[in-house]
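Remember, it's a predicted structure, so these values are computed and weren't measured experimentally. Chain identifiers are assigned alphabetically (A, B, ...) following the order of the sequence lines, protein sequences preceding nucleic acid strands; residue numbering begins at 1 within each chain.
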Protein chains: 2
Amino acid sequence: MHNSEAMALSAALLAVAGELTQRINAGVVARGFEGVRPAHGFAFTRLAPDGATVTELAVHLGVTKQAASQLVDDLVRKGFAERRPHPVDARARLVVLTERGWACTRAAEEVAGEVVQEWVGVIGEGEVRALRDRLGRIAPYGPIRPAW
Amino acid sequence: MHNSEAMALSAALLAVAGELTQRINAGVVARGFEGVRPAHGFAFTRLAPDGATVTELAVHLGVTKQAASQLVDDLVRKGFAERRPHPVDARARLVVLTERGWACTRAAEEVAGEVVQEWVGVIGEGEVRALRDRLGRIAPYGPIRPAW
DNA sequence: TCGAATGGTCAAGCTGCTTGACTACCTTTG
DNA sequence: CAAAGGTAGTCAAGCAGCTTGACCATTCGA
């Protein structure tokens, strides 16, 4: 496979990813969740199941724990999350989503569903599923790096 | 198609895109091009064929022309690009890549080729080509938005 | 030809991230 | 079971990249 093909794939991948991020963020904001940034969405995916500590969040986002702590400050100030005492470790604090945080997460899922539905309209449902499967197989396990 | 599937696709897509960006940048830096940021690569893709004006670059990157101008300052200072008088518009200046800028572009293509080759090893060449074709069909035409 | 639009830069300010230093708590080890 | 080192989190200061606002030079359009 030639480098030019690799670049075409890379360009398409990054363009689609950039637009998806843009669309999800715009859609969530349009649904009344003002002041949300894309980075918040990446944090939500880590906080969603059962909450997480600041350090865990920092690893997930690939930033320092200070940056993660500031992001949590922001989420708390905007009513999307709250800090609770950690059940087993008195040093740590468990960051969990508030009801508003869950509502924002659901809104993001809705918007993502809409965008993917557009793709279904273009290349068909089978191809979109194939896309999901292929990407799922080459996706890395490590931290999500939302910024470049 | 359910929202949960759309989210799985979105997560995989963003994870792959994030890792690709990370890998390309790290690889280019490892080949001796110090101080390059991912945003520089996105600028290169617009400057590569025949150069571009600052305003064109700003549209391509989805930022203000002031930000694009500062980025060009950075590229010039690091020896990747230079400003030339515009052939037909005395207001404008044409930003073109230097030889070092072209070398950096070629290095990025090499690294992208290596990463894509890894994907070929995981899902096979046919699947990677299919990935490129499907992504190419749903990729937007507008500006690349490298930041989220 | 003259007013409006465009290309570019300078300057100031903000935001999100980093490094460094510190406290509180946990865990390991003799 | 006490001391030493490691870990969770925050505070503080600094920096890099972006934004808005103002401005000049040049081009376009009525």
(message) Suppose we screen for side chain to side chain contact (heavy atoms under 4.5 Å, CB included). Which residues come up paired with B/V122, at least two apart in sequence or across chains?
(response) A/I138

(message) Rounding to an integer number of Å, can you tell me how far A/H40 NE2 sits from C/dG16 C1'?
(response) 10 Å

(message) Report for the helix from C/dT1-D/dA30 to C/dG30-D/dC1: angle between first-end and last-end helix axes, five pairs each, rounded to 10 degrees.
(response) 30°

(request) Using the heavy-atom set of chain A and a strict 4.0 Å cut-off, write down the first and last nucleotide of DNA chain D that makes it in, 5' to 3'. (result) D/dG6 to D/dC11

(message) If we ignore hydrogens and angles and just use 3.5 Å, is the side chain of A/H60 paired with the main-chain N or O of A/T55 as donor and acceptor?
(response) no

(request) Check each residue of residues 66-75 of chain A for a non-hydrogen atom within less than 4.0 Å of any atom in DNA chain D, then write out the ones that pass by number, or none. (result) A/Q66, A/S69

(request) Enumerate the residues from residues 87-97 of chain B whose closest heavy atom to DNA chain C is under 4.0 Å, giving them by residue number; use none for an empty result. (result) B/R91, B/A92, B/R93

(request) Using whole Å, report how far NZ of B/K65 lies from C1' of C/dT6. (result) 7 Å

(message) Treating B/Q70 as the side-chain partner and B/A67 as the backbone partner, does any N or O pair qualify as donor plus acceptor under 3.5 Å?
(response) no

(message) I'd like to know if the side chain of B/E127 and the backbone of B/G124 have a donor-acceptor N/O pair within less than 3.5 Å.
(response) no

(message) Counting the atoms with a prime plus P, OP1 and OP2 as sugar-phosphate, which does A/T55 contact under 4.0 Å by heavy atoms, base, sugar-phosphate, or nothing?
(response) sugar-phosphate

(request) Spell out, as yes or no, whether a donor-acceptor pair under 3.5 Å connects the side chain of A/T98 to the backbone of A/F80. (result) yes

(request) Kindly write out the residues that satisfy side chain to side chain contact (heavy atoms under 4.5 Å, CB included) with A/D89, not counting sequence neighbours, or none if the list is empty. (result) A/H86, A/R91, A/A92

(request) Mind checking salt bridge (charged side-chain N to carboxylate O under 4.0 Å, His left out) for B/K78 and listing every partner two or more places apart, or none if nothing turns up? (result) B/D74

(message) Applying salt bridge (charged side-chain N to carboxylate O under 4.0 Å, His left out), can you list everything that pairs with A/E34, at least two apart in sequence or on another chain?
(response) none

(request) Using side-chain hydrogen bond (donor to acceptor under 3.5 Å, both in side chains) as the criterion, list what pairs up with A/R83, not counting sequence neighbours. (result) A/D73

(request) Output the rest of the hydrophobic cluster of A/L94: all Ile, Leu, Val, Met, Phe, Trp and Tyr residues reachable through side-chain heavy-atom contacts under 4.5 Å, sorted by chain and number. (result) A/V96

(request) Output all residues satisfying salt bridge (charged side-chain N to carboxylate O under 4.0 Å, His left out) with B/R31, sequence neighbours left out; order by chain, then residue number. (result) B/E110, B/E114

(request) Just jot down the salt bridge (charged side-chain N to carboxylate O under 4.0 Å, His left out) partners of B/R23, sequence neighbours excluded, or say none. (result) B/E19, B/E118

(message) Closer than 3.5 angstrom, by distance alone: can the side chain of B/S69 be matched with the main-chain N or O of B/K65 as a donor-acceptor pair?
(response) no

